[in-house]
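On a predicted model such as this, the values are computed, not experimentally measured, just so you know. In what follows, chains are A, B, ... by sequence order, proteins preceding strands, each numbered from 1.
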Amino acid sequence: MATIKQRFSGVWAWLDERLDLAVLREIAEKKEVPVHRHTVWYYLGGMTLFLYVIQIATGILLLFYYRPSAEDAYESVQFLMAEVHFGWLFRSIHAWSANLMIFTAFLHLFSVLLLRAYRKPREITWISGVLLLGLAMAFGFTGYLLPWNELAYFATRVGTQIMEAVPLIGPYMATVLRGGDDVSGATLTRFYAIHVAVLPMLTTFLLGLHLFLVQKLGMSIPPDVEREGGAKGKMNFFPNFLLRDLVGWLTALAILAALAAYFPAHLGAKADPFAPAPAGIRPEWYFMFMFQTLKYLPAHILWFEGEAVGILGFMLAALILLIVPFLERRSGRGEPSRLFSWIVIGVIVYIVVLTYLGYAAEPMA
Amino acid sequence: MMIRVLIGSGSLLILGGLAAPPDAAAQMPEESCVSCHSAFGDAPLGEPVQAYAADVHAAKGFGCVACHGGDAEDPGMSAMDPAAGYIGAPERDEVVLLCGRCHSSAQFMRRYNPALRVDQVAEYRTSVHGQQLLERGDERVATCTGCHPAHSIKPPSDPNSSVNPLNVAETCGSCHADPEYMAPYAIPTDQHEKYSESVHWQMMSEEGDLSAPTCNDCHGNHGAAPPGVGWVGNVCGQCHSVMAELFGKSFHARVFAMLGNPGCATCHENHDIGRAGDELLGLGEGAVCGMCHSEGDSGGEVALGMRALIDSLNAHYEAADSILAKAENAGIEVSEALFGLNEATTALVSARTAVHSFSLDSVAEQVEAGLAATSTAYARGEEALGEFLVRRLGLAVSVAIILALIAGLFLKIRKIEQLT
């Protein structure tokens with residue numbers, strides 16, 4: 001009787017004959033990960049990818065029950081939470097995994113910035129990564145409205161009103177996104193289509209590009225490590241690095257399970273467009289630093305509305321972030337760039353402090 | 001009788017010249033009355049001109065001559081010539097007829113406010129105020145201007161109006177809460193004080209419910225009179241219709257009438273009606289049944305039985321609500337179960353209403369329906385807490401499996417790296 005190993009070898013041989021799998025094996029065997037004191041940061045990309053896969057899996061399960069209309073959305077989520085076996089678990093994991101994914105994506109972004117992994121020849125990898133982070137935030141913004149509960153409704157109303165402040169195109173963009181002058185059933189169906197079709201399509205393309213480039217260009221060794229004589233060794237991606245990745249993924253899975261069991265996603269009251277906005281309307285945490293900044297801006301800055309200046313400032317910051325590899329060229333030449341490191345650290349501190357203030361500071365009148 | 005005839009004939013003579021209601025449109029241009037009287041400023045002769053600017057009649061285009069007569073186009077003192085129909089300030093007894101010239105004419109009133117009733121004068125004649133004034137010549141009682149101050153009359157919907165629901169008690173209390181003024185009538189003067197402590201005033205003043213009753217809703221406004229013992233229930237029944245119907249059919253309605261007890265007010269008071277709670281029921285402290293019944297008599301037993309039933313539903317409701325709140329705090333979705341618990345709330349309200357039939361069976365019927373709802377909700381709560389435990393157990397098992405896998409991976413990594 002054939003052993004499992006023998007059976008597996010048989011299947012492999014059968015597939016190899018038809019698909020030339022030896023190429024894949026070759027790639028896997030050749031792929032190596034440099035070992036140095038910053039190697040730990042290499043795991044963040046894989047962790048973000050793992051959480052994205054969880055999002056896809058749980059998102060598909062939620063689609064089985066979700067009904068995208070102002071009349072049914074809330075009730076369908078309520079039914080899912082109360083009646084469907086493990087419905088609460090899938091929704092809670094979807095919600096928590098979304099937050100963790102954006103958190104790890106931010107960590108990944110800042111680690112890449114500080115380790116200068118964006119420098120030549122990885123500029124396109126960097127750009128695709130920044131765009132993927134933008135897509136992740138768009139996933140969060142559109143997904144937040146879908147349960148059609150009170151908090152989500154009013155947070156989306158505030159969010160789209162902020163968008164209106166963008167000069168010239170703002171009101172038009174907000175109207176197109178909402179499907180009208182205010183958040184309504186039309187907004188829900190639009191957000192749904194964007195959340196489950198448009199964003200996944202764009203993400204698949206960009207993620208494919210991002211992973212292809214990572215595979216093609218390999219892992220970047222930080223300039224300071226290179227200056228000190230390079231990595232102290234190399235690790236096979238398969239299986240050594242992948243197994244370590246698996247440890248991280250399993251740990252993330254355990255954390256997700258605990259969060260879902262102890263802090264399941266709440267549903268709250270159904271959205272009522274005619275009800276007054278409840279107190280404490282806040283965006284998701286990853287938008288908080290921007291929301292709080294807009295609150296601190298004066299009503300007018302010179303001849304412009306403070307909010308419009310703030311939004312244009314963030315748009316400019318996003319653009320600068322996107323073209324960082326072309327602005328910061330010293331590390332590309334192997335020269336130290338301490339000023340840039342301090343700017344990045346300043347941005348991190350700014351985001352952390354403003355996010356903290358967003359939750360801790362008294363609401364402004 | 002002689003007084004009544006004199007007042008009646010005098011009034012008719014004086015008002016004869018004003019018999020036909022004036023047309024507002026014909027008085028729109030500024031009158032000579034205003035041009036002279038406004039020169040008096042805040043003095044008594046000037047005050048009416050200032051106040052009248054905000055009067056509802058001024059808003060509709062009526063001028064001074066509509067009530068006072070005279071010739072508004074005459075710039076001299078001859079404008080106030082009785083020959084020109086001038087009557088000056090009408091006496092108190094004349095006021096009713098004066099206002100009634102327009103307000104009792106449906107034909108006239110529908111041109112300005114078709115929804116306004118035109119039976120105020122007829123009602124007034126039936127009121128204690130009207131009878132005192134028109135039959136006994138008592139000029140101290142309220143007449144139209146007692147409640148609707150002349151020259152500054154505003155519609156009841158105006159918050160500044162003396163007859164806005166929030167101001168009615170104050171308006172009536174300006175006489176009825178004044179012991180000195182009311183001394184000749186030998187009636188209590190604590191109604192306003194008591195009313196201001198009642199649940200009705202609380203609903204109106206604190207919760208903004210302007211449909212809550214104030215003086216005129218129970219006593220009538222133009223036909224104001226204290227409700228008779230036999231028809232108090234009808235007054236309260238305007239709003240509390242189900243309770244009034246149940247009470248009307250009950251044995252108590254007949255007994256109360258026989259004893260001269262004023263229906264609802266026997267248990268709930270009249271002006272200082274408090275929020276009716278379950279403590280009113282039974283024979284314990286604060287229970288009103290104990291005023292007539294005691295333990296051992298059949299009425300006392302029914303009272304205790306009804307109270308026990310309602311207490312039981314209350315207790316089951318609290319238990320179900322508490323277990324569902326616990327489950328909800330634990331993150332279990334129980335909104336459907338909480339919605340189902342609303343049936344128990346409805347049953348509790350119905351049971352409290354059924355108390356007014358004084359029938360144990362009627363109360364029991366409602367309580368049973370409520371208990372069925374609380375029992376279902378409690379079971380859903382227990383199920384939810386069970387689910388909570390299963391989640392915890394599931395989490396523990398999952399984490400254990402994951403930890404075992406992680407440990408296995410560590411061993412595998414070590415093995416691989418030892419080999420290389």
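Only the side chain of B/Arg380 comes within contact range of chain A, judged by heavy atoms closer than 4.5 Å. Proximity to chain B (any heavy atom under 4.5 Å) is shown, for A/Thr251, by both the backbone and the side chain. Residue B/Leu405 touches chain A through both its backbone and its side chain, counting heavy-atom pairs closer than 4.5 Å. Only the side chain of A/Leu267 comes within contact range of chain B, judged by heavy atoms closer than 4.5 Å.
With A/Trp12 as the aromatic partner, A/Arg7 does not meet the cation-pi criteria of under 6.0 angstrom to the ring centre and within 45 degrees of the ring axis.
In this model, a donor atom of one side chain and an acceptor atom of the other lie less than 3.5 Å apart for A/Thr142 and A/His195. Under 3.5 Å, the side chains of B/Asn314 and B/Asp278 contain a donor-acceptor pair of N or O atoms. In this structure, a donor-acceptor pair under 3.5 Å is present between the side chains of A/Trp88 and B/Glu387.
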Do B/Ile406 and A/Leu246 pass the side-chain contact (heavy atoms from CB on, under 4.5 Å) test, and can you show the C-alpha distance, the side-chain angles, and the key distance before you say yes or no?
CA-CA 8 Å; B/Ile406 289 173; A/Leu246 263 176; over 6 Å; no
Test side chain to side chain donor-acceptor pair (under 3.5 Å) applied to B/Thr171 and B/Ser162, step by step
CA-CA 6 Å; B/Thr171 300; B/Ser162 55; 4.6 Å; no
Let's go through A/Ile281 and A/Arg157 carefully: what are the C-alpha distance in whole Å and the side-chain angles of both, what is the deciding distance for side-chain contact (heavy atoms from CB on, under 4.5 Å) to 0.1 Å, and is it a yes or a no?
CA-CA 10 Å; A/Ile281 291 290; A/Arg157 187 185 251 186; over 6 Å; no
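Of the listed residues (A/Phe86, A/Phe263, A/Tyr262), the one with the most heavy-atom contacts under 4.5 Å to chain B is A/Tyr262. Ranked by non-hydrogen atom pairs under 4.5 Å with chain A, the options B/Val334, B/Leu403, B/Ile416, B/Val399 are led by B/Ile416. Of all the listed residues (A/Leu89, A/Val247, A/Asn236, A/Ile255), the one sharing the greatest number of non-hydrogen pairs under 4.5 Å with chain B is A/Val247.
The environment of NE2 in B/His316 is sparse: at most 12 heavy-atom neighbours from other residues, nucleotides or ligands sit within 6.0 Å. Counting non-hydrogen atoms of neighbouring residues, nucleotides and ligands closer than 6.0 angstrom, the CZ atom of B/Phe339 reaches no more than 12 such neighbours. The number of heavy-atom neighbours closer than 6.0 Å to CD of A/Glu83, taken from other residues, nucleotides and ligands shown, is above 12.
Contacts between residues 38-47 of chain A and chain B, defined by a heavy-atom separation under 4.5 Å, are made by no residue at all. For residues 51-77 of chain A, an interface with chain B (any heavy-atom pair closer than 4.5 Å) does not exist.
The two atoms that bring B/Ala337 and B/Ala377 nearest to each other are O-CB, 4.3 Å, heavy atoms only. Here the closest heavy-atom approach between residue B/Met204 and residue B/Ala212 is recorded as CE-O, 2.9 Å. Taking each heavy atom of A/Ala265 and A/Met81 in turn, the nearest pair found is O-CE, 3.0 Å.
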